[in-house]
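This report refers to the structure that appears directly beneath it.
The chains referred to below are lettered A, B, ... by the order of the sequence lines, with proteins before strands, and numbering in each begins at 1.
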2 protein chains.
Amino acid sequence: MSKELKNTFYGNAQPLMIAVDCIIFGFDKEGLKLLLFKRKIDPFKDKWSLIGSFVDQEENISETGHRILKEYTGLTNVFLEELGCYGKQDRDPAARVISIAHFALIRLNEQQLKLVESYEAHWFGIDEIPDLILDHNKMIAAALEKLRLKARYQPIGFELLPKKFTIPQLKKFYDAIYQKKHDRRNFRKKILDMDILKKLTEKDKTTSRKGAFLYQFDKRKYNKLVKKGFNFTF
Amino acid sequence: MSKELKNTFYGNAQPLMIAVDCIIFGFDKEGLKLLLFKRKIDPFKDKWSLIGSFVDQEENISETGHRILKEYTGLTNVFLEELGCYGKQDRDPAARVISIAHFALIRLNEQQLKLVESYEAHWFGIDEIPDLILDHNKMIAAALEKLRLKARYQPIGFELLPKKFTIPQLKKFYDAIYQKKHDRRNFRKKILDMDILKKLTEKDKTTSRKGAFLYQFDKRKYNKLVKKGFNFTF
DNA sequence: GTTATAAGCGTAAAATAAACGCTTATAAAC
DNA sequence: GTTTATAAGCGTTTATTTTACGCTTATAAC
């Protein structure tokens with residue numbers, strides 16, 4: 001259908017502006033973090049905010065999200081999921097803008113941590129999020145809630161942890177998500193019983209004298225488990 | 001801020017059309033049902049579809065949903081929740097339209113069942129949904145999935161069941177949602193242990209000689225339970 | 001009165017989760 | 001080179017939850 005012909009059917013509809021805002025989670029030794037940016041445009045210039053962009057006419061919404069992530073973190077193939085729609089009529093005083101919030105999970109490493117500084121961005125610990133513009137604090141609260149919920153039935157930790165990780169590291173992630181210290185021994189038992197981890201021969205010795213064995217996620221076994229249906233309850 | 005001043009900040013953004021589509025669930029003796037409509041406009045005139053409407057400039061998105069429900073079912077105060085955003089660039093051949101799918105749960109009674117016929121609408125059993133326009137079948141699949149998920153940690157059945165209901169009726173609802181026959185005795189035990197139902201003295205005798213006691217949902221007790229945190233696992 | 005059946009009640013067994021004592025490997029201290 | 005401190009790892013016991021299923025009950029239909 002030609003562009004001219006398009007939209008003759010729905011002629012009476014009023015178009016609105018649509019944006020995608022990204023809640024970018026990262027995780028490292030210090031815990032769960034969130035990437036925030038100093039806003040570059042008015043209104044609210046120089047205030048802390050999530051990073052976002054308008055959706056282009058020719059762009060799928062998830063493409064907008066990945067475009068944002070690529071531009072500001074340099075990463076492609078990031079775990080990105082729709083969180084929800086923030087469309088209150090008066091949410092942005094500058095214009096009627098509907099934002100489709102998305103949350104992303106990325107593996108943190110030194111490179112990542114430095115890269116972002118060039119965008120006047122900063123990784124904030126999850127307990128030290130500042131006041132943000134518009135409804136961005138609300139979005140973050142919802143994202144955390146969803147992350148918790150998702151972690152119950154999907155091994156979401158694997159998107160955030162490094163490729164090789166130790167069981168205590170994995171536990172630390174779940175402790176952060178659920179804001180609860182799990183029992184070290186029961187946690188280990190439960191996660192190993194799932195039979196989705198492959199034990200490596202290497203150890204990580206950065207956090208203890210004894211060192212902890214590194215593991216890798218066994219995708220094949222995991223997919224099998226998902227099909228059978230399971231429930232991460234920690 | 002005046003309308004003229006608005007949007008000078010985001011001048012480069014291209015506005016798009018936003019619609020809300022509603023997946024309307026109902027439940028009666030026959031089981032879980034879905035309300036579908038014969039589309040009134042081109043393209044796809046006279047094909048079965050969900051009911052929807054464009055979002056107005058001055059309207060919150062949830063208001064659009066409630067407006068649709070009011071107009072086509074006559075009901076206000078309906079349980080309505082955002083399902084997700086369907087915004088693929090080519091989802092509608094007639095124009096770039098982003099749809100925010102919502103799902104609604106309504107109590108079915110005779111009046112409801114008749115009312116809808118005036119809109120060339122029809123209640124379809126959940127296992128006999130026809131082919132719908134655009135991505136509407138996808139939306140329904142996602143809505144069912146979400147309904148299942150939600151039913152685990154929210155007593156969602158109470159939105160769909162009549163004010164007074166029997167335990168076998170409630171079980172029937174969960175059987176339908178999870179597509180699994182639960183054990184009658186364990187189901188009863190579990191739901192009663194939650195202590196959120198108020199037993200009435202009346203019985204419903206339409207489904208058995210013995211009759212089943214009617215119950216009502218005790219909102220006060222339920223709210224207490226929600227705060228404490230719980231998990232419907234059937 | 002007998003019968004058939006959905007509704008309702010209770011108990012035993014199986015599975016899962018929680019609590020927690022003990023051992024081990026290793027770097028650092030002496 | 002011996003001791004010490006500690007995170008990591010291993011295993012058992014107890015408590016809780018889930019599942020399976022036998023038995024009783026109220027009532028309409030015959």
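When rounded to the nearest whole Å, the span between NZ of Lys171(A) and C1' of dG9(D) equals 14 Å. Between the P atom of dT11(C) and the CG atom of Asp193(B) lies a distance of 14 Å, rounded to the nearest Å. For the pair Gln169(B) CD and dA6(C) C1', the computed distance is 14 Å after rounding to whole Å. Rounded to an integer number of Å, the gap from CZ of Phe187(A) to P of dA17(C) is 13 Å. Taking atom NE2 on His182(B) and atom P on dT18(D), their separation rounds to 12 Å, with Å as the unit. Rounded to an integer number of Å, the gap from Leu192(B) CG to dA7(C) P is 14 Å. As rounded to whole Å, 16 Å separates atom P of dA7(C) from atom CD1 of Ile191(B). We find that CZ of Phe213(A) is positioned 14 Å from P of dT24(C), with the value rounded to whole Å.
Note: Tyr178(A) and Tyr174(A) have parallel aromatic rings, judged against thresholds of 30 and 60 degrees for the angle between ring planes. Using bins of under 30°, 30° to 60° and over 60° for the plane-to-plane angle, the ring pair Phe103(B)/Phe79(B) lands in the tilted bin.
On a pure distance criterion of 3.5 Å, a polar donor-acceptor pair joins the side chain of Lys210(B) and the base of dA7(C).
Glu81(A) has a carboxylate O that lies under 4.0 Å from a charged side-chain N of Lys150(A), or vice versa, which qualifies the two as a salt bridge. Ion pairing of Asp195(A) with Lys221(A) is present here, as a side-chain N (NZ or NE/NH1/NH2) and a carboxylate O approach within less than 4.0 Å. Using a 4.0 Å cut-off between charged nitrogen and carboxylate oxygen, Arg39(B) and Asp46(B) do not count as a salt-bridge pair.
Each side chain to side chain donor-acceptor pair (under 3.5 Å) pair with one or both residues in residues 133-149 of chain B, not counting sequence neighbours, appears once here: Arg91(B)-Asp135(B), Glu145(B)-Arg148(B), Arg148(B)-Gln179(B).
In this model, no donor atom of one side chain and acceptor atom of the other lie less than 3.5 Å apart for Asp204(A) and Thr166(A). A donor and an acceptor atom, one from each side chain of His182(B) and Asp175(B), are located under 3.5 Å apart.
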Extract from the structure each pairing of a protein N or O with an N or O of nucleotides 20-23 of chain D at less than 3.5 Å, listing the distance.
| from | atom 1 | to | atom 2 | distance (Å) |
| --- | --- | --- | --- | --- |
| dA20(D) | N7 | Asn186(B) | OD1 | 3.4 |
| dA20(D) | N7 | Asn186(B) | ND2 | 2.9 |
| dA20(D) | N6 | Asn186(B) | OD1 | 3.1 |
| dA20(D) | N6 | Lys189(B) | NZ | 3.2 |
| dC21(D) | N4 | Asp183(B) | OD1 | 3.4 |
| dC21(D) | N4 | Arg185(B) | NE | 3.4 |
| dG22(D) | N7 | Arg185(B) | NH1 | 2.9 |
| dG22(D) | O6 | Arg185(B) | NE | 3.3 |
| dG22(D) | O6 | Arg185(B) | NH1 | 2.8 |

TODO: Mind running ring-ring contact (aromatic ring centres under 6.0 Å, His included) on Phe37(A) and Tyr72(A) for me, showing each step along the way?
DONE: CA-CA 10 Å; Phe37(A) 295 77; Tyr72(A) 292 94; 5.2 Å; yes
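In terms of phosphate contacts, Lys190(B) brings a side-chain nitrogen or oxygen within less than 4.0 Å of OP1 or OP2 of dT18(D).
Contacts of residues 199-209 of chain B with DNA chain D (heavy atom under 4.0 Å): Lys203(B), Lys205(B), Arg209(B).
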